[in-house]
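One structure is given below, encoded as structure tokens.
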Amino acid sequence: MNMTAERQHIILKADQLSIGYKTKKKETVVASDINFELQKGHLIGLVGANGIGKSTLLRTLIKVQPALSGNISLNGKNIQTTTNLELAKHLSIVLTEPLTSKNLTVFELVALGRHPYTNWIGNLTEADDSIISNSLELVNITELKDKRCYELSDGQLQKVMIARALAQDTAIIVLDEPTTHLDMYHKAYILKLLQTLTKETGKTILFSSHEIDLAIQLCDTMIVMQKDKMVFDQPCKLISEGVFNSLFPKDLIVFDEKIGSFRVNK
Amino acid sequence: MKTNHTYSFISLTVILLFCFVLNISLGSVSIPLGAIIESLFGTAENTTWQVIITDFRLPKAITAILVGSGLGISGLLMQTLFRNPLAGPFVLGISSGASLGVALVILGSGLFGGLFATTLISKWSIVIAASLGSFLVLLAVLAVSSKVRDTMAILIIGLMFGSITAAVVSVLSYFSSAEQLQQYIFWGFGSLSNLSWEELLIFFGIYGIGILLSIASIKGLNSLLLGDNYAKSLGLNLKQSRYIIIIATSLIAGTITAFAGPIAFIGLAIPHLTRQIFKTSNHKILLPAVFLFGAIVMLICDSIAQVPSSDYVLPINAITALVGAPVVIWLLVRQRKMMF
């Protein structure tokens, strides 16, 4: 592997990162010693048991909450010293929290993704319009353009939110559990869509998910969070190292290395 | 999408002009339409009519436009900022602060004696008391809200300050004479009349600053439709935008309360009415639409409050709710769905 060439394409880097919550009285460390380097054009899955700190890690990466210690750099710049507006041009997000207003049309919602680039009142230029249309096309929702968000199913809404993040034209998109509330088909559909997007647009996409078997099949690299450590590697290497075996208590489900999936203990 | 909104805006503007002329033409003295138009241009032969139009009806109609549009816009800002359809221009405790100021002047004169009792309570002292009251409550809300990160907490804090001031007003009224109470209650009815042109100029100046700040917030308001975290991820400086929106609201709602009294309902209802009719949440369309709607509704309410061709003037505060509430209920029932 050519390390120097790879290194030039690092989009997001976590260095000795420690995450958690800080109040005046005490510091609650959720996870520490987190290190990874996300490459350009990669699809990265973040997995781990409930309550292990996936959301905290993502919230720290997108600067919703501060890191306890360590560094996060985006395109070589420390995110703590970057302004919101500058960050908005490099990083876009899709969250699990519900929208405040579902009365916007799909087009209007996706158009909000252009905000970091538009003028003071948010007028769209022709270039903005074509980027929005292109984003709608990439996720195959052009025909939903004039629908209102309250008319959409959960799966459609998730696609709209992804289109909005695409319209923001950033090097990396971070998604917090994009597959919750979706049926099995749409779970696979959304994750496959993310994989296609990384290939077609060269964007880096990081998502957290509980769909470990899907992630294993689709991701270029994975971040596996465990109680005492965090592993970052390609899925096949993670399997051969037996990382997934120790992810959950073994009384109920076990990881089958041959099929690369979990099965219930009989 | 753009074209059908253009038509709506043109027709609303025409309706606004019509209501404006209608409002001026109604009053206890009936004046023919020709003379009204002449008076507006200052060429009327009948000087009494001229004075009635330019010194009484015209300032009142302009006040109605400023009050209606201003309350509507500040209501819209608060509903979006607090993600709450029940929010209005007064959720930050502005009107309760103004009430407290006015109550201290009118009702407090009995308690504090000398200082207030000797000076007769002039209109300006009420305006100043209302402005000071709403400003101080607002400062308190701002000071506390700079400590909290959650937007919802500010809403609760505003409501709490409202409760505190309401309680103080209750205590004051308990110790007041019937005459003072009556004067206080009359202030609470709200009034669009009796503003001189100089007062109107001051009113318009402060209102104008508030409106400019609201227009500057349009982009931020639209990104707030996604929620605080999304808005931040779109590059919005959340804290700064929050301050600008709060200051715009308090400038507008504060001056309105100072000059026209605590006028209820309009600020809450107009944004809903506008959303139902324009079927959008985009503030670039909503803000001018709310402006027009607010002005129209206020002019109509004022025309009704005049009780055409009679000497009675009903309290405007009662009319706004009497006329407006059924309209909002009807719209919600008809559409079966609330737009937000």
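In the text below, chain A, chain B and the rest are named by the order of the sequence lines, each starting its count at 1. From a predicted model like this one, the values you see are computed outputs, not experimental measurements. These numbers come from the heavy atoms of this one structure, side chains and all, not from hydrogens, waters or symmetry mates.
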So for [X], is it side chain, backbone, both, or neither that comes closer than 4.5 Å to the heavy atoms of chain B?
X        : answer
A/Arg114 : neither
A/Ile62  : neither
A/Asn119 : backbone
A/Leu87  : neither
A/Leu109 : side chain
A/Thr83  : neither

Heavy-atom contact with chain A under 4.5 Å, split by part of [X]:
X        : value
B/Leu224 : backbone
B/Asn237 : backbone
B/Lys232 : both
B/Leu234 : both

Check your understanding: Which residues satisfy the side-chain hydrogen bond (donor to acceptor under 3.5 Å, both in side chains) test with B/Ser241, sequence neighbours excluded?
Key -> none
Check your understanding: Got a sec, which residues hit side-chain hydrogen bond (donor to acceptor under 3.5 Å, both in side chains) with A/Gln65, two or more places apart in sequence or on another chain?
Key ->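 For A/Gln65, the residues satisfying side-chain hydrogen bond (donor to acceptor under 3.5 Å, both in side chains) (neighbours in sequence not counted) are A/Arg59.
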Point to revise | Note: A/Lys203-A/Asp169 ion pair, threshold 4.0 Å (strictly below) | key: yes
Practice item. Identify the heavy atoms of A/Asp128 and A/Asn123 that sit nearest to each other, and give their distance. Key: OD2-O, 4.1 Å
Exercise for review: Test B/Ser74 against B/Thr249 for side-chain hydrogen bond (donor to acceptor under 3.5 Å, both in side chains), laying out the working first.
Suggested key: CA-CA 5 Å; B/Ser74 35; B/Thr249 305; 5.7 Å; no
Exercise for review: If the plane angle is over 60° it's perpendicular, under 30° parallel, otherwise tilted; pick one for B/His5 and B/Phe278.
Suggested key: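 The arrangement is parallel - the two ring planes meet at less than 30°.
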**Study point:** Flag if over 12 foreign heavy atoms under 6.0 Å of OH, A/Tyr189
**Key:**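 More than 12 heavy atoms, drawn from other residues, nucleotides or ligands, come within 6.0 Å of this atom.
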Study note, to complete from the structure: Interface check, chain B: of A/Met161, A/Glu97, A/Glu86, most non-hydrogen pairs under 4.5 Å belong to A/Glu97
Check your understanding: Given A/Leu38 and A/Phe36, is the side-chain contact (heavy atoms from CB on, under 4.5 Å) satisfied, shown in steps?
Key -> CA-CA 6 Å; A/Leu38 308 186; A/Phe36 54 77; 3.6 Å; yes
